[in-house]
Structure formats: structure tokens, C-alpha cells
Enquirer: 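What follows is a single structure, and I will ask about it in a moment.
Order of the sequence lines sets the chain letters (A, B, ...), proteins ahead of strands, with each chain counted from 1. None of these values were measured; they are calculated from a predicted model.
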Number of protein chains: 2
Amino acid sequence: MRPTVIDIAREAGVSLATVDRVLNARPGVRDKTIRAVNEAIVKLGYVRDLTAANLARGRSYRVAVLLPDTESQFIQSLADALTEAGSAAATSRTELKLHRFPAEDPHALAAVLSTLPDRDTVGVALMAPETPVVRDAVRSLRAKGIPVVALVSDLPNADHFVGIDNRAAGRTAGVMMGRFLGGGPGQVMVLGQSLLARDMIERRRGFDEVMQRDFPGLEVLQSLETHGSPATMRQVVAEMLANAPHVRGIYAMGGGSRTLTQTLDDMGLSGKLTVICHELTPHVRTALERGSITAVITQNTGHLARSTLRVLRAKADNQPLDEGQEQIRIEIVLRENIPPLPDSTRPSLDDKVA
Amino acid sequence: MRPTVIDIAREAGVSLATVDRVLNARPGVRDKTIRAVNEAIVKLGYVRDLTAANLARGRSYRVAVLLPDTESQFIQSLADALTEAGSAAATSRTELKLHRFPAEDPHALAAVLSTLPDRDTVGVALMAPETPVVRDAVRSLRAKGIPVVALVSDLPNADHFVGIDNRAAGRTAGVMMGRFLGGGPGQVMVLGQSLLARDMIERRRGFDEVMQRDFPGLEVLQSLETHGSPATMRQVVAEMLANAPHVRGIYAMGGGSRTLTQTLDDMGLSGKLTVICHELTPHVRTALERGSITAVITQNTGHLARSTLRVLRAKADNQPLDEGQEQIRIEIVLRENIPPLPDSTRPSLDDKVA
DNA sequence: CGGAAAATGAGGTACGTTCCTCAAAATTTC
DNA sequence: GAAATTTTGAGGAACGTACCTCATTTTCCG
């Protein structure tokens, strides 16, 4: 059997109360006694049973996640993943509340944030651009002792960032583009919804870095902003393709992949260009299968969601993180390694619904 | 507050004992009563507190993992990951025992397996080739109600497989090779330690599939077996390169990447060929950075380890799996997206060691 | 309708920890 | 060495669930 606090008390020759004081760093214990207890802990290899501890503490983790209400498949998929991770975590005293806020209204966001402390929320995850309002709201939460996690797009004053290294993601897109085009010659188009968000800037920087250094034979054209509007996208792409006769690749840094592939389809260019984009949404999946998108740089929303919960819980408990586990991978998806949609086919030992 | 069994009892108008019988599927309750309880559960949104349940059950998960004692960096990294995952899981009543067995001696393996039931092990994970001895051992464990998980290389009679889809991995390697070589012309060499293990066979199959279908301009040479011996590897590669003048790419399906890059270095070919291999070991990492390996298809050992534990626990509890989470990704690593080695740099709310 | 069988209730103990109170012992201070 | 202070001990209640026993009620069957 695993040793319990009682074993520690016996081994250290002290009472249970004292062991408890040491374990929970409560005052009123002599150094000498603390040492004795710690030695017993080491000697017996005691490991605190967190499930029992949480039960006794009556601790439960109320966590809030705030996402913009943009109608993007990626955000939708992230929201779904969060909801699922939340309900899976319900069995372990964790409760996740998902809020959506109007993307263009930072004040609405701030308003939601300010109500959280009342409902004893132990942590907040936030996907939002870095505006002064957001920055202040984050600061104020942290001042109240509530940890804040930045989701997908980093916020420098958050406690932790859950998402990929976007600079590296841009570099990865760069190598793929460069190698797939055989190093040149040719031109490459770069598209982005908005060139202001931190993640876009970093992707572009990483992409350029690699293209300049490793593929000087390829000319990277100026970034085009599409503002999330299908019409703009269509117009901008058509114009560019008309003016730049040697375009062989397109790097779509974020969003709008649906409109992009449709535009290319309409122009009869589908499959003729090397197209690299971000986020493996359902639509991008089929585009990959059809061959109208060549490669996708993506981050797994399930992983993002679970990591968010784990990190918030760890922060709430002031426990260290398993950095390796929280490192969100930059995944490269080609037609040949599209992750299968989950479905289980294995026989089980026993099929009763427990 | 979250509803508890007591609330359910009150709501359903039955006693606590009855609720308990329903929750734990014990006999002696009328259908009508079962229905009433379940309605109360739904109505109040009751979620069983697993931490309390496990505590009450006195349940603890003793899990055994068996790895061959091969001195491969991949296996070493897997062993490390398992040990780490094991100690992280210790706080939640899980105990992992790691066994190593002589790779060429299936009987030693069987011997270890047969001792496990005595020590009330609730599940076993196993990385081993599919021999008759192993097959029987697995069958016998399952007959005793102990779930068995196949690690890295699949065993058809296991309860679950933790690892990547090796056929898809081979296909992925194929597309990368094909595209990086611009579709041809040229020759591609394929190396494997042993062409008998299930994972190797599947990788080869996937690779060929893609090469034949999508890159007919590239000639894939016959697979070469290296048997894990550096000398053989060296000889085989040298011979092949001498006989096949148009080799532009090498696909190393498993193991021996260290010897391979060294051989290429010695021959002055480093960086001149497109080399794709498997598993991001420390050595492969540096080879990627130096440019002597072009791309790596890998599976994350941390993920493998954690998934193994989660799956075994779920199987032991007869609970459903989160298929999405247990899906091990086929990761593509290039020089530009090498995952950073973990190190934390964020400021924390508070630095005390809790 | 009576008796047997099945279903339910009441109550208790246990899991390993937290956190509390109050008393007793040890140590420090003057 | 007595008083003040600090440290320690003993014990108990609680967290939410599991699982046990024994008594009581309800239902079923002939």
C-alpha cells in the first residue's frame, strides 16, 4: 500500500496534526520538526493523494473562457473542443463557462471580464487582440490573483500562452513553400485577414525570414489584407493574379480559406498552384483531399482546449506545468496525413455500458 | 453547488441506498425506480465526482509497461516519457512499473507477463513484435480480464493500439519525398532495420502506394535490411550508392539514423540527398539542424506515454475513450519547426514553491 | 389471502486529506 | 525558576462516494 499521512506521522514520531501543518506550509512548526517530517516523506516515498486532498478542501475549479463571436470554422471548432474538454473535466471538479463577445467591441469584453471575480472564477482564458482595454482588463484580473491565459494569439501580460509559436509556423510554411516550388523561379502571394493581429505579424516575419535566406529565387509579393470579407478577397486575388504573371504559390496566413479556394476554383486555378494555409477546418480538409490546398499548418483545437484547462488548474493550484505537454505542436498536414475523424472499431473486453 | 447523490435521492424520492444501487448498476432495483433516479440525475445535471468515487473505492491503478531493452534513442526517450508520466500520475492513484526485456528473447517477456496478475496489475502496455509467444501471452492476460495495450507496433489481439498509423506515415514520407524531389527523375533508396516488424511493413506499403501513384518519375529501389548493425548499414549503403548512380533520396523507415548520417558524412554526401527518417531523437534533431536529414516523420513520446496511461485507466474502469485525444499524430518535422526543448520563461503570479 | 421473494430504507464505516479547536508539553524570556 | 510564548498532540467534523448489513415495506404468485 501507498503510505498515507498517518504513516508519515508514525515514521517521523510526530502527530498527524503536525504532519498536516508541514504538508500545507502552515506556521507554528519548528525547523527541526519540519525536517524530520520531510525526511519521513522522502524515506517512505509519500505522494500526496490529490483526489483526496481536493475532496477535503472542497476545491472546485470554475474557469472562464472568452472567445470572439466571429463565425470562423476554426473558432467554432475551438469552442466545440473547449465544451467537450469542459464536460470531460466535470468529473474532476472542474467547471468551464464559455463566453462569446462581439469581436469588434473590446468594451463588451472588458465588461464580461469584470464580472468574473464575483462568481469566484479561479482562472480565465482569453482569445483577443492586444488592445489597451484588454491589456488593462488582464492586469486587473491578475492583480486580483486570477491567472489569465492567452489563447491562440499571445498577450504579453498574460500568465501563459496556449498556442503555437507563430514565427516558427511562418518559417515552416516558408520551407514547405520553397521546397515544393523547387526553390524557384516564381512569385508567391501572401494573404492575411488583418495584418494587425500579433499572430499574423509573426507568421509573416517567419515566412519572409526563410524565403529570403533559403529561397532567393522566389519573389514574395506584398501581403494583401482581406479583412475577412469574401468580396475583398475575390477582388484582391483576381487583381494580383492578373498583375503578377508568375505566381506559383499562395500563402494564406489566416482565415478565409473557404473564399480563397472558391476564388481559385472559379478562376480555374485549383490544383495548379501550391497553396499553403493555416488551421485544419472541415472545409480545408476537403480542399486538401481535392488537391486545391497543398499543405496546412495547423494547431490541434482539442489539444488547445485541454491544455487551457490543465494550465488554468495548475496556475490556480500554484503548481508547476509539464512544459512538454503544454507545448502546442506546429502540425503539418498534407493530403496523406490528414488525421482521421475519430471512430472506434476495436473489440472491447466487455461491452456493457458501465 | 453541484448536486450530490443526496440531492438525487431527494429529487427522485428514494433513499440514498437506492441511488447508489442505480449509479453502480447493482441488482435489486425495479425498472420504474431506475427510471425515476435517472430522471432526477438528468434534471439536476448530476455528474459523478470521480475523485471522491475513487477515494471511496480505494481504487488504485497499478499498471505495467514492457519495453525491449534495445539501446535505441527512441526507446530510451519513450522510457523516459513513461517514467515521467508515471510520476506525474502518482498523485492520482496511479502507479507505473516499467519492465525491460531482452529484445530477442520472447520467452523472457512471457515470463514477466505471467507474473503480473499476482501483483494485481490492472493493465499492461507492451511494445513487442508479434510472435506466437507474445500472442499467447496477450490472450492469456485478456482472459484474466487484464486489458492489454500495444505500444508503437500493433498487436492485433490487443485491446487498443497506442501509436501512429504506420501506413499513413509511410504515405506521408512518400509525398514529402516526391515533392521535395520535384517528382523526379531519380532513384530513392529505402532502408529498414528489419523488414519483419509490422510497423516497417506498413510504412513500406504506404510509401510505395504514394510513390507509384503520384510520382512515377521516381524509381524506388528495393528495401535494404540493416539488422540494426552499423557495419551492415555502412556496407549496404555504400554498395547501393555505387550501383545506383541516380539516387537522390533516402527513406529510412526505422532505426539506425545515427549510422546513416554518419555514413553519408563519411562519403561526403551529407546535405546533397533528400533524407527522410522516423522518430525525432536527440541525434536526429542535430542532424536536421545541420541539414543532413531533410525531414522526420515522428510520434511524440510524451503523448504516447500519457495516452498509454489514460487508455489503461479507462479500460480498467471500463470507461469510453476520448478517441480524439488518443489519436497519436503523425508529425512532420523540418528544420524550421523543430519543437523547442522545454524551458519555462514566463513570470508567474507568485513564485513560492507551494 | 398468506407466504415468499423482491425492492427499498436507514444507518453505519471507510477512503485520505483538510482544517478546526482546545489542551498539553516544550521552549524561550526575563 | 516562573511566566509567557511557541510548538505539538489529540480528536473530531467534513468532503462525496462506495459498500455493507439488517430491518421494513412492497410486490408477486399460487
Enquirer: Between atom CG in B/Leu23 and atom P in D/dC19, what is the gap in whole Å?
Expert: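 Roughly 11 Å, once rounded to whole Å.
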
Enquirer: Want to settle it: does B/Gly58 or B/Thr33 sit nearer the 5' end of DNA chain C, counting the closest nucleotide to each?
Expert: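 Whichever sits nearer the 5' end wins; that is B/Thr33.
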
Enquirer: Is there a side-chain contact between B/Thr18 and the phosphate of C/dG9, meaning an N or O under 4.0 Å from OP1 or OP2?
Expert: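 Result: yes.
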
Enquirer: Rounded to whole angstrom units, what separation is found between the NZ atom of A/Lys32 and the C1' atom of C/dT28?
Expert: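 Atom NZ in A/Lys32 sits about 15 Å away from atom C1' in C/dT28.
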
Enquirer: If you check the A/Leu55 side chain, which of D/dC15, D/dT17, C/dT17 turns out closest?
Expert: D/dC15

Enquirer: Out of curiosity, B/Leu23 CG to B/Ile8 CD1, how far, rounded to the nearest 0.5 Å?
Expert: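 Those atoms lie 7.5 Å apart.
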
Enquirer: Closest heavy-atom contact between A/Ala9 and A/Val19?
Expert: CA-CG2, 3.5 Å

Enquirer: What's the CZ-P distance between A/Arg59 and C/dT18, to the nearest Å?
Expert: 12 Å

Enquirer: Under the rule for salt bridge (Lys or Arg N to Asp or Glu O under 4.0 Å), what residues qualify as partners of B/Arg313, not counting sequence neighbours?
Expert: none

Enquirer: Residues of residues 36-49 of chain A with any non-hydrogen atom less than 4.0 angstrom from an atom of DNA chain C: list those, numerically ordered, please.
Expert: A/Tyr46, A/Arg48, A/Asp49

Enquirer: When rounded to the nearest 0.5 angstrom, what distance separates CD1 in B/Ile328 from CD1 in B/Ile164?
Expert: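 B/Ile328 atom CD1 to B/Ile164 atom CD1 measures 9.5 Å (nearest 0.5 Å).
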
Enquirer: Search all heavy atoms of B/Ala128 against all heavy atoms of B/Phe101 and return the closest pair with its distance.
Expert: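 B/Ala128 and B/Phe101 have their closest heavy atoms at CB-CZ, 4.1 Å.
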
Enquirer: For the pair made of CG in A/Asp7 and P in C/dC15, what is the distance, rounded to whole Å?
Expert: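 Going from A/Asp7 (CG) to C/dC15 (P), I get 12 Å.
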
Enquirer: Give me the atom names and distance for the closest heavy-atom approach of A/Arg142 to A/Asn157.
Expert: NH1-O, 3.1 Å

Enquirer: Can you check the A/Asn54 CG to C/dC15 C1' distance for me, whole Å?
Expert: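 Rounding to the nearest Å, CG of A/Asn54 and C1' of C/dC15 are 15 Å apart.
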
Enquirer: If you check every side-chain atom of B/Val5, which of D/dG16, D/dA10, D/dT17 has the closest atom?
Expert: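 Looking only at side-chain atoms, B/Val5 lies closest to D/dT17.
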
Enquirer: If only side-chain N and O atoms count, and only distance matters, is there a donor-acceptor pair under 3.5 Å linking B/Thr51 with A/Ser92?
Expert: no

Enquirer: Write down the protein N/O and nucleotide N/O pairs, taken from nucleotides 19-23 of chain C, whose separation is under 3.5 Å; answer none if there are no such pairs.
Expert:
residue: C/dC19; atom: OP2; partner: A/Arg26; partner atom: NH1; Å: 2.9

Enquirer: Is the shortest side-chain N/O distance from B/Arg30 to OP1 or OP2 of C/dT8 below 4.0 Å?
Expert: yes

Enquirer: How about B/Glu84: does its CD atom have over 12 heavy atoms from other parts shown lying under 6.0 Å from it?
Expert: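 No, the 6.0 Å shell around CD holds no more than 12 heavy atoms from other groups.
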
Enquirer: For A/Ile8 and D/dG9, give me the distance from atom CD1 to atom P, rounded to whole Å.
Expert: 14 Å

Enquirer: I need the minimum non-hydrogen distance between A/Tyr61 and A/Asp317, along with the two atoms involved.
Expert: OH-OD2, 2.7 Å

Enquirer: Roughly, in whole Å, what's the span from CD1 in B/Ile6 to P in C/dG12?
Expert: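 The distance from CD1 of B/Ile6 to P of C/dG12 comes to 14 Å, rounded to the nearest Å.
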
Enquirer: Answer with base, sugar-phosphate or nothing: what part of the nucleic acid does B/Arg93 contact at a heavy-atom distance below 4.0 Å?
Expert: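 Answer is sugar-phosphate: B/Arg93 comes under 4.0 Å of backbone atoms only.
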
Enquirer: Atom CG in B/Leu50, atom CD in B/Gln319: separation rounded to 0.5 Å?
Expert: 5.5 Å

Enquirer: Rounded off to whole Å, could you give me the CZ-to-C1' distance for the A/Arg35 and D/dT7 pair?
Expert: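 Spelled out: CZ on A/Arg35 to C1' on D/dT7 is 15 Å.
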
Enquirer: Between A/Gly13 and B/Arg2, which has a closest nucleotide on DNA chain D that is more 5'?
Expert: A/Gly13

